[in-house]
Amino acid sequence: MKEFPKPSEEVLASIRNCTTAVVCGHGGPDGDCVNSVAAMGLLLKALGKKYYLINDGPFFRTEVRFIQDLITEELPEEILNKNTLGIVVDCSTPSRLGSKSSIFDNLTVTVIDHHSSGEQFGDHRYVVPESISTTLLVYQVYKALGVEITKEAAQYLFRGFATDSGYFKFLHENSGETLRIVADLADCGVVPNDEYHYINGGKPFENLQFLGKIINRIERLYDNRVIISHEEREDFKLYGDNSRASDEFYGQAATVEKVQVIFFFKISKREENSIEVGIRSTHSCSFDAGAFAALFGGGGHEKAAGLTISGTYEEVKEKILKAVEKYLD
Ligand SMILES: [Mn+2]
């Protein structure tokens, strides 16, 4: 994207004119989600608003844990009306707000998001699918409202960008404007080397052992074009149940020749008797992970998406592998 579309006056006015706001992102949050929530919190604070940050967990991943200290569990009953602005970030469908979803039925809602699929919900929307992260859209809101970006705010904004860009790996042509924003964040005090270690370091040793296990379980199908692996309930006992080793698995699997799609099957902790399927498509293939996920009620982006299906691992695996064939190059 050569230039970021600016937030509309309507979106800006909703924030400028509110007295109370509730900010929330999608359940099972990633770095972009929680950092968008945290950065919106600082913006509302700078504007002198009364604000509440809420979000569904889990918050196992090291880089999302901090949000637990910023979020509120109970909202005062008296603010749940149309005078309160609900700000939904990094979330393309109300149902992805999880247990927080119904709160927004009662509020005036402004959506700030970069997902390409989903529903047209909310009263005011600033949705830019071309933006690599939601935090870069929150950055635009800071600029448009003339709110100073402190070092803390810049760190939140950078971390969301770093998460969703795979630490710069997923930036395509015409990324100059994105990098100019990142340069501005560096001027605001962000140190990319420190942030890399903040996001990626500090993991338990078991994480590495679990990665070895996942890699040992790899199966390749359709002439190497599909690589899959999975976790088992037993793993939770051995390695803990909050590993993010799948992130590294995707990265390594994507380096294999001819591979187009990578699936990782996880036992859902949010829905009983269900399997969560993480999907990644590789650099040069035309497979659209988000569109594929949507076939099963999931969502995401072209290169990274996810879905949840009820059933056992074997049942879900069969369904997915049957469906994937016709979408391969
Ligand atoms: Mn995002």
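Whatever order the structure lists them in is the order used to number ligands and atoms, beginning at 1.
- Side-chain contact annotation: Asp56 with Ser99, donor-acceptor N/O pair under 3.5 Å present.
- In this structure, the ring of Phe66 has its center less than 6.0 angstrom from the ring center of Tyr156.
- Ring planes of Phe263 and Phe292: tilted class, angle from 30 to 60°.
- Nearby protein atoms of type N, O or S around the Mn ion (ligand 1) amount to 4 (distance under 2.8 Å).
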Exercise. Going through the distances and angles, do Phe168 and Phe161 end up as a ring pair (Phe, Tyr, Trp, His ring centres under 6.0 Å)?
Worked result: CA-CA 8 Å; Phe168 294 82; Phe161 157 79; 5.0 Å; yes
Cut-off 3.5 Å, no hydrogens considered: what does the side-chain donor-acceptor table look like for residues 294-303, sequence neighbours left out?
| unit_1 | atom_1 | unit_2 | atom_2 | d |
| --- | --- | --- | --- | --- |
| Lys303 | NZ | Thr282 | O | 2.8 |
| Lys303 | NZ | His283 | O | 3.4 |
| Lys303 | NZ | Cys285 | O | 3.3 |

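- Side chains of Ser36 and Asp90: a donor-acceptor N/O pair is absent below 3.5 angstrom, by distance only.
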